[in-house]
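These notes concern the structure reproduced below.
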Amino acid sequence: MLDKNRTREIVEKLVSYTGNYAVVNIYDNGERLSKFANSQIVHNVETEDVLVVLTVYSGKKEATCSANLYDDESLKQLAAKADGILDLMPEGACERFPLGEEAVPESRNDSRLAETFDVEGRVGAIRRCVETLEAGFSAAGIFALYKNMHAFGNSDGVFHYHYADYVHFDTTVTHESGATGYGGMTATRLEDCDAEGAFKAAYDKARAAVNPVYAEVGAYTVILEPAAVDGLLRFVATGLNGDNFLSGMSYASGRLGQKLFGENFTLRDDVNNPETIQCFFDAEGRRRTSITLIENGTLEQVVHDGKTAFRAGVRPTGHALGSARGSSHPANMVFYASGGYPINLVMDGGDSTLEEMIASTKKGILVTHFHYMNYVDPVTAQVTGLTRDGTFLIEDGKIKAPIHNMRFTESMLDAFSNISALSRRRERFGTSLVPAVKIENFHFTSGQK
Amino acid sequence: MRERLAELMAYCLRLGADCADIRVKTIDTESVSLENSEIRGINSDRSVGYGIRVFLDGSAGFAAASDFDSMEKTAERAFKIAKASGMLQTRKIALTPKPVVVDDYATPVEIDPFTVPMSEKIALLMACEEAMGAVPGVTQTSSSMDFRREDVVYCDSDGSYITQKFCQSGGGISATAAGEHGAEARSYPCANRGAHARAGYEYLLSLRLKEHAEEIARESVQLLNAPECPTGVYDLILDPGQMTMQIHESIGHPTELDRVLGYEAAYAGTSFVRAGDLRDGLAYGSPQVTVVADATVPGGLGTFGYDDEGVKAASTLLLDKGRLKNFTTSRDTAGQIGLLSNGACLADGWRHAPLVRMTNINLLPGAYELDELIAGIEDGLMLSGTKSWSIDDKRINFQFACEIACEIKNGKRTGRIFKNAIYSGITTQFWANCDGVANEKYWSMGGTPFCGKGQPDQTARVGHGSSPTRFRKVKVGVGDAG
């Protein structure tokens with residue numbers, strides 16, 4: 001892993017080799033991933049990849065070149081290539097927001113994660129889990145250790161460095177009948193790693209999911225576990241991207257200050273919350289700010305990188321994303337866009353529990369998580385997707401039966417306007433921290449028969 | 001290089017490995033993006049590295065790095081990982097046999113896209129932008145082109161040594177009209193950065209982007225003011241652009257053998273198809289539906305000389321007149337059902353281990369003229385332009401949305417268009433209701449360079465050939481009345 005001194009040296013060299021104003025992002029991503037299926041290892045991989053991204057500016061022109069080579073000769077070639085492209089370009093429309101002097105906190109890293117979860121540690125943890133399975137059940141999933149380094153520097157001498165490990169475990173336990181259950185955990189501290197707990201949750205779900213029945217399509221009260229809520233929030237967040245906001249291709253376009261959601265829906269992007277995965281600067285070198293996106297249902301703010309901020313006439317919020325292949329940070333693994341993205345989603349909880357939500361439901365559906373969600377229409381925030389790995393029919397306050405997976409098609413504006421309960425306890429999924437929620441009048445539009 | 005890699009493979013055997021292979025890849029990419037007649041970004045990237053796969057007593061380990069001075073250390077890491085994999089390996093990995101091959105392959109290229117001046121590329125896209133932007137009512141335009149060059153060296157401990165050079169070119173344009181009541185986009189040849197092929201710059205030129213710019217811009221404005229697509233049960237004709245998505249999600253993925261065997265159960269999902277369905281010739285679709293996995297078709301995004309296990313590119317019949325005939329396979333998975341690999345094991349770049357991937361999954365042309373397909377519809381729609389897609393983890397229930405629906409009444413196109421066309425179905429029922437495929441005159445290759453699968457997540461470039469295809473009794477709309 002490239003250390004602070006080495007990355008600073010690379011930045012300084014690139015700045016000196018280019019004849020233009022330079023911005024440099026360096027990523028060094030180590031991925032150690034053990035994948036299992038049918039209760040045994042099917043892929044076991046370790047990779048290292050450095051990416052050096054150089055963006056050069058002249059007037060209103062901009063060009064970006066990147067490479068995973070960083071010896072002296074390669075850096076000279078990179079700078080020459082970027083300068084060469086810039087020279088050929090017509091005058092553009094690029095505007096750069098100047099970076100002010102901003103103190104950026106050091107990232108915390110728990111080195112015990114890498115020590116504990118080397119390849120034997122990961123396979124051993126998986127083995128302990130699958131050894132608990134009775135005959136007729138099998139498990140699939142991953143146990144991964146991600147090592148993330150990001151450094152930023154520019155021609156003005158600004159330099160930031162981030163390094164942190166985190167681990168991710170998720171699993172689907174399958175019964176021979178086809179019934180499945182899901183569990184997952186993400187941790188940045190060793191004491192938060194509970195793969196066995198996540199596995200047990202998946203196993204319990206799979207056992208409960210045997211002998212499913214078909215439920216009728218229609219509108220239901222749904223109780224969404226945190227993993228399912230996290231899935232929906234990704235689409236709320238996508239609409240808050242500066243580019244989508246300005247282009248008119250978002251439910252949020254032109255609606256700042258309006259009440260779009262229910263009173264009990266508050267969503268922030270909070271890099272300062274230690275329960276999220278923290279990196280305190282963005283790909284433009286700005287300090288990530290903690291902002292309230294939606295307060296009691298009212299659209300308060302969207303996020304911007306430098307370009308969309310300039311177009312919108314506001315200050316950048318510190319949410320610029322880097323190269324699509326520049327980071328194994330979870331946000332970049334699932335989503336990449338210009339205009340910024342709120343990575344550290346934190347949703348306010350309530351005063352209920354999952355059990356209380358079930359007990360108070362006359363007829364409804366409990367959802368563990370969703371699969372293959374996609375916008376049907378970003379302007380109306382209509383999203384579709386399917387339940388998976390544990391979907392249950394609730395009647396008279398009790399779980400009555402497991403059901404086959406169902407497709408929902410629902411506007412996120414309606415869904416988050418119809419929250420009738422939120423759990424006190426919130427769980428971390430990737431970079432998000434979210435509660436379980438109960439939503440009324442949620443539309444399931446088809447099933448599997 | 002050859003001697004060095006052969007020595008490295010020998011080193012793996014000296015470590016104690018049963019066998020090993022390595023892929024060395026140099027990947028250059030270039031992308032140009034414009035928006036609203038302004039340059040949005042010009043990006044160029046180079047990635048060089050290698051990935052070593054080691055097999056030890058039925059277990060596998062993979063390590064990848066870009067430091068060519070420490071290849072032996074990387075091999076040792078892969079060996080150590082394979083050893084650790086053995087801690088949880090109840091079924092030993094057994095690779096099916098393949099011939100030892102020494103060969104070269106290169107994508108046929110007329111114009112190397114990396115030699116075309118940037119000013120020419122920008123000028124072409126700028127002309128598209130201006131043509132789209134000149135249409136009253138258009139509020140946003142975007143255009144892009146992307147190029148990718150891969151130099152791949154494959155070597156294994158059996159003695160195979162294969163070099164391949166791939167070249168990929170493509171691009172697309174999009175126009176959006178936004179108003180008080182929403183926004184509608186039209187794209188050409190398709191959304192999400194357009195169409196791509198394994199070919200040179202000549203492919204980009206053949207798309208004739210500028211010639212379509214004004215037309216799609218006009219359509220975006222018409223769509224903004226068009227009525228919502230009616231809901232109900234209709235006969236549909238899907239154009240090849242939408243057929244790409246339909247084939248990809250509901251035939252390509254379900255017939256990947258690793259999914260069938262449960263390897264992707266926790267993430268991408270499994271399949272409703274079982275390995276035993278091969279024996280019985282599962283009824284997947286109507287007799288109109290014959291589908292091949294063909295890695296040899298010229299220009300296909302999934303066309304190559306050899307896959308990333310050194311298996312020669314092949315054309316495999318997946319569905320024959322609607323009946324299941326085979327899967328896409330790797331050396332590990334094929335052996336589990338008593339077959340040999342059909343050369344569909346591919347890795348995204350050098351930093352990933354190969355896994356089962358689609359090559360070019362093509363619906364073979366039928367016998368119909370397009371007018372005949374239309375003439376056979378009393379009340380239906382012709383859908384174009386993929387807008388949204390979703391399918392469940394077993395690939396049973398799909399729902400797609402298209403940019404534009406053209407009305408067909410009494411065997412003729414009425415000229416009326418609708419927006420927000422959404423259709424859904426159950427995979428085998430849907431393909432069973434396919435009753436007509438247009439002939440080879442209408443057949444074209446499409447595909448996607450963004451197919452995601454695997455953990456770690458890998459992106460593959462896969463091709464899909466098809467012609468306009470008719471389906472009966474399809475649910476249109478998303479009402480929850482069943």
Side-chain angles (χ1 to χ4, degrees), chain A residues 31 33 35-38 40-50 63-69 81 85 88-89 92-93 119-120 123-124 126-127 140-142 170-172 174 217-219 247-249 333 371-377 379 384-386 388 405 407 409 443-446 448, chain B residues 38-39 41-49 59-66 77 80-82 84-85 87-91 117-119 122 139-140 176 178 182-183 262-266 269 351 353 355 388-393 396-397 399 401 420 422 424 426 455-457 478-480 482:
Chain A
E31 189 168 43
L33 185 147
K35 175 180 168 181
F36 57 107
N38 302 319
Q40 60 184 330
I41 299 296
V42 290
H43 282 285
N44 208 354
V45 303
E46 294 193 2
T47 63
E48 300 285 348
D49 193 13
V50 172
T64 298
C65 287
S66 56
N68 69 341
L69 308 170
K81 190 169 187 181
I85 292 174
L88 289 171
M89 285 175 60
V119 65
E120 287 91 358
V123 176
I126 296 166
R127 188 169 68 179
I142 59 163
D170 68 42
T171 186
T172 297
T174 304
V217 298
S247 71
M249 293 301 282
M333 291 169 73
H371 179 78
Y372 214 143
M373 286 179 284
N374 206 341
Y375 268 127
V376 175
D377 180 5
V379 179
T384 191
L386 296 112
R388 69 176 288 186
N405 290 326
R407 171 179 298 284
T409 307
H443 292 82
F444 289 100
T445 51
S446 59
Q448 287 185 308
Chain B
E38 291 171 348
I39 296 171
I42 294 180
N43 295 279
S44 168
D45 181 56
R46 164 162 279 210
S47 181
V48 185
S59 294
F62 176 86
S66 52
R77 276 174 58 208
K80 184 184 174 198
I81 295 165
S85 298
M87 293 163 59
L88 189 58
Q89 198 84 55
T90 47
R91 182 195 66 81
M118 182 59 70
S119 56
I122 292 169
T139 54
Q140 185 170 2
T176 301
Y263 283 28
E264 296 290 323
R351 64 192 294 267
L355 70 160
S388 170
W389 55 96
S390 173
I391 190 164
D392 70 77
D393 60 316
I396 297 171
N397 173 314
Q399 179 173 300
N420 297 327
I422 303 165
S424 59
I426 299 296
Q455 291 175 295
D457 190 38
V478 290
D480 50 21

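Just so we're on the same page: letters track the sequence lines, and every chain starts at 1.
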Residue from B/I396, B/T139, B/I81, B/I426 scoring the most non-hydrogen pairs under 4.5 Å with chain A is B/I81
Applying a strict 4.5 Å limit to non-hydrogen atoms, the region of B/T176 in contact with chain A is side chain
Between the CD1 atom in A/I126 and the CE atom in B/M87, the distance rounded to the nearest 0.5 Å is 9.5 Å
Of the listed A/M373, A/H43, A/Q40, A/K35, the one with the largest count of heavy-atom pairs under 4.5 Å with chain B is A/Q40
Applying a strict 4.5 Å limit to non-hydrogen atoms, the region of B/I391 in contact with chain A is both
A/C65 and A/I85 have their tightest heavy-atom pair at SG-CD1, 3.7 Å
Those residues at least two apart in sequence (or on a different chain) that pass salt bridge (Lys or Arg N to Asp or Glu O under 4.0 Å) with B/R77 are A/E46
Among A/D377, A/N38, A/V45, A/L88, the residue with the most heavy-atom pairs under 4.5 Å to chain B is A/V45
Among A/G248, A/G385, A/S247, the residue with the most heavy-atom pairs under 4.5 Å to chain B is A/S247
Interatomic distance, CD1@A/I142 vs CZ@A/F36, rounded to 0.5 Å, equals 8.5 Å
Okay, B/Q140 and chain A: the region with an atom under 4.5 Å from a heavy atom over there is side chain
Scored by heavy-atom pairs under 4.5 Å with chain A, the best of B/P117, B/A401, B/A63, B/G182 is B/A63
The interface call for B/A60 against chain A, heavy-atom contacts under 4.5 Å, is backbone
Greatest number of non-hydrogen atom pairs under 4.5 angstrom with chain B, of A/N405, A/N374, A/V119, A/V379, falls to A/N374
Heavy atoms of A/A37 and B/G262 approach each other most closely as CB-O, 3.5 Å
The interface call for B/A65 against chain A, heavy-atom contacts under 4.5 Å, is backbone
To the nearest 0.5 Å, atom CG of A/D49 lies from atom CD of A/E31 at 10.0 Å
So, the part of B/T90 with a heavy atom under 4.5 Å from chain A: the answer is both
**Q.** Side-chain ion pair, A/E120 and A/R127, N-O less than 4.0 Å
**A.** no
Rounded to the nearest 0.5 Å, the CG atom of A/L33 sits from the CZ atom of B/F62 at a distance of 12.0 Å
By side chain to side chain contact (heavy atoms under 4.5 Å, CB included), A/T384 pairs with (sequence neighbours left out) A/V376, A/R407, A/T409, B/S390, B/Q399
Among A/M89, A/R388, A/E48, A/M249, the residue with the most heavy-atom pairs under 4.5 Å to chain B is A/R388
